[in-house]
Participant: 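One structure, pasted below without further comment.
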Amino acid sequence: MPIHVHGGSLLLARLAEAGVPGERLEWSEVLCDGPVLAADDHAFRRARADWLAEHTGEPAAAPRIAEALRAQDEALTAAAARDELVLWTGNEWFCQAIALALIARLGPTGARLSWVTAEDDPERPGCSVGELGEAALPRAFAARQPVDSAAIALAVQAWDAYRAPAPTRLQALVDDVAAFVAWPALRAALVLHLAEWPGRDDGLARSERQLLAALADGPRDVGALLSACARVETRPWLTDLLVATRLRRLAGGDAPLVTLTGAAPPELTAEITEAGLATLAGRARWATPARWLGGAILDAATPWCWDGEAGRVAQWT
């Protein structure tokens, strides 16, 4: 009996309602942000739990989150030992990061993996598989493809590069377009990740720049900012947690780029400051506070930035 794996319970429930046979397993993580370390499982989960607890506003919840991450890892391992795992994989960076981690982890063990993908729907951007209608879900399952050896090898290589303390290996991999023949959506997702390095001219991550641009028209809450970012993104990948994390970062330091009201989404509302307008206009360069990006810690000593004109990571000049 196949076991359907996805990062959201809503799609899994819809699979049951559509009569798609198989068990269902939710494996959910925000691996497109925060520390993604090249470490053993215990240290990896501890770093993830600390980051998630901090950015959900519940620092004391770290042990509970770490235990939940351990439990879902063990459930996944047990499921992989029983039967085929069907990975329902959207094209956006959020889903791609989860698929990357799971395939890199399970593929080399000989686990029987298949995946369901779907074309982007311009009218309903977001997780492409999550946007499938009820009648399309059984057809998509029937059309699933095995995760082949080329995709597994790419996943292992990309996962190692993603967890590296510098972006050079990942940039070199992304430069090799032919390496992604088995998995083209991954390349586009990794380019978005690389664009989260501080911009050469303004110091802003791509997503931070999008948020400031949306705020230039006036104060907005997290929901409105999510919608604004989705309108300018081919494959929207931000969540309310990721928007709130970026807003709090932009609100920090001696010259904050935004001011905030409200404790947490959905009440959290942001307004751009004069410093934010100057940075957005390219009249100032923001010194980003220390933050994690995959396996790299970004701080004042970081020698790397995103060169938007060249479309690649480069050294500061």
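Values below: all heavy atoms of this structure, side chains included; hydrogens, waters and symmetry mates excluded. Treat the numbers as computed from the prediction; the structure is a model and nothing was measured.
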Participant: Please name all residues satisfying side chain to side chain contact (heavy atoms under 4.5 Å, CB included) with T261, sequence neighbours left out, ordered by chain then number.
Facilitator: T269
Participant: Taking R112 first and then E84, would you say they form a salt bridge - that is, a charged N and a carboxylate O separated by under 4.0 Å?
Facilitator: yes
Participant: Check E67 with R70, please: is the shortest side-chain N to carboxylate O separation under 4.0 Å?
Facilitator: yes
Participant: Side-chain contact test, heavy atoms from C-beta onward, threshold under 4.5 Å: evaluate it for C305 versus W197 and give yes or no.
Facilitator: no
Participant: Test S207 against L242 for side chain to side chain contact (heavy atoms under 4.5 Å, CB included), laying out the working first.
Facilitator: CA-CA 9 Å; S207 58; L242 297 179; over 6 Å; no
Participant: What closest approach, in Å, do R209 and L204 show between heavy atoms, and which atom pair accounts for it?
Facilitator: NH2-O, 2.8 Å
Participant: Is there a donor-acceptor pair under 3.5 Å between the side chain of E92 and the backbone N or O of C95?
Facilitator: yes
Participant: Mind listing the closest non-hydrogen atom pair of P198 and G203 along with its distance?
Facilitator: CB-O, 3.5 Å
Participant: Would you mind checking if E309 and R200 are paired as a salt bridge, meaning a charged N to carboxylate O distance below 4.0 Å?
Facilitator: no
Participant: For E29 and Q72, does a side-chain donor sit closer than 3.5 Å to a side-chain acceptor?
Facilitator: no
Participant: What distance separates W237 CH2 from F94 CZ, expressed to the nearest 0.5 Å?
Facilitator: 10.5 Å
Participant: Spell out, as yes or no, whether a donor-acceptor pair under 3.5 Å connects the side chain of S28 to the backbone of G7.
Facilitator: yes
Participant: May I ask you to decide whether R285 forms a salt bridge with D201, counting only side-chain N to carboxylate O separations under 4.0 Å?
Facilitator: no
Participant: Name the one of L69, L76, L87 that satisfies side chain to side chain contact (heavy atoms under 4.5 Å, CB included) with W27?
Facilitator: L76
Participant: Minimum heavy-atom separation for L268 and G262, please, with both atom names.
Facilitator: CD1-O, 3.0 Å
Participant: Just checking W115 against W183, ring centres under 6.0 Å apart?
Facilitator: yes
Participant: Go through the steps for R246 and D33 under the test side chain to side chain contact (heavy atoms under 4.5 Å, CB included), then give the verdict.
Facilitator: CA-CA 10 Å; R246 282 152 177 75; D33 205 5; 2.8 Å; yes
Participant: Throw together a table of side-chain donor-acceptor distances under 3.5 angstrom for residues 286-299, partners on residues two or more places apart or in other chains.
Facilitator:
from	atom 1	to	atom 2	distance (Å)
T288	OG1	R291	NE	3.4
R291	NH1	E196	O	3.4
R291	NH2	E196	O	2.5
D299	OD1	A301	N	2.9
D299	OD1	T302	N	3.4

Participant: Would you mind writing out the side-chain donor-acceptor pairs for residues 156-163 within the sub-3.5 Å range, not counting sequence neighbours?
Facilitator:
from	atom 1	to	atom 2	distance (Å)
D160	OD1	R163	NH2	2.8
Y162	OH	L31	O	2.6
R163	NE	W159	O	3.3

Participant: Within the 4.5 Å heavy-atom criterion, are L194 and P167 side-chain neighbours or not?
Facilitator: yes
Participant: Indicate yes or no: at least one non-hydrogen side-chain atom of V313 is less than 4.5 angstrom from one of T168.
Facilitator: no
Participant: Indicate the atoms forming the closest heavy-atom contact of A66 with A49, along with that distance.
Facilitator: N-CB, 3.5 Å
Participant: Please identify each residue that fulfils side chain to side chain contact (heavy atoms under 4.5 Å, CB included) with D41, with sequence neighbours left out.
Facilitator: R45
Participant: Between R169 and L173, is a side chain to side chain contact (heavy atoms under 4.5 Å, CB included) present by the stated rule, with each step listed?
Facilitator: CA-CA 6 Å; R169 287 170 55 197; L173 178 61; over 6 Å; no
Participant: Report whether L277 and L247 are members of the same hydrophobic cluster (ILVMFWY, side-chain heavy atoms less than 4.5 Å apart, transitive linking).
Facilitator: yes
Participant: What's the spacing between L186 CG and H193 NE2 if we round to 0.5 Å?
Facilitator: 11.0 Å
Participant: Check the pair W93, R235 against side chain to side chain contact (heavy atoms under 4.5 Å, CB included), reporting the backbone distance first and the verdict last.
Facilitator: CA-CA 8 Å; W93 177 214; R235 294 169 173 170; over 6 Å; no
Participant: Starting from V86, walk the hydrophobic network (Ile, Leu, Val, Met, Phe, Trp, Tyr; side-chain heavy atoms closer than 4.5 Å) and list everyone else you reach, by chain and number.
Facilitator: L11, L12, L15, V20, W88, V116, V129, L132, L137, F141
Participant: Determine which pairs satisfy salt bridge (charged side-chain N to carboxylate O under 4.0 Å, His left out) with at least one residue from residues 13-26, sequence neighbours left out, and list them in order.
Facilitator: E23-R82
Participant: Any donor and acceptor pair, going by atom type alone, linking the side chain of H4 with main-chain N or O of P21 inside 3.5 Å?
Facilitator: yes
Participant: Is it possible for you to say whether L192 and L225 belong to one hydrophobic cluster, with membership spreading through side-chain heavy-atom contacts below 4.5 Å?
Facilitator: yes
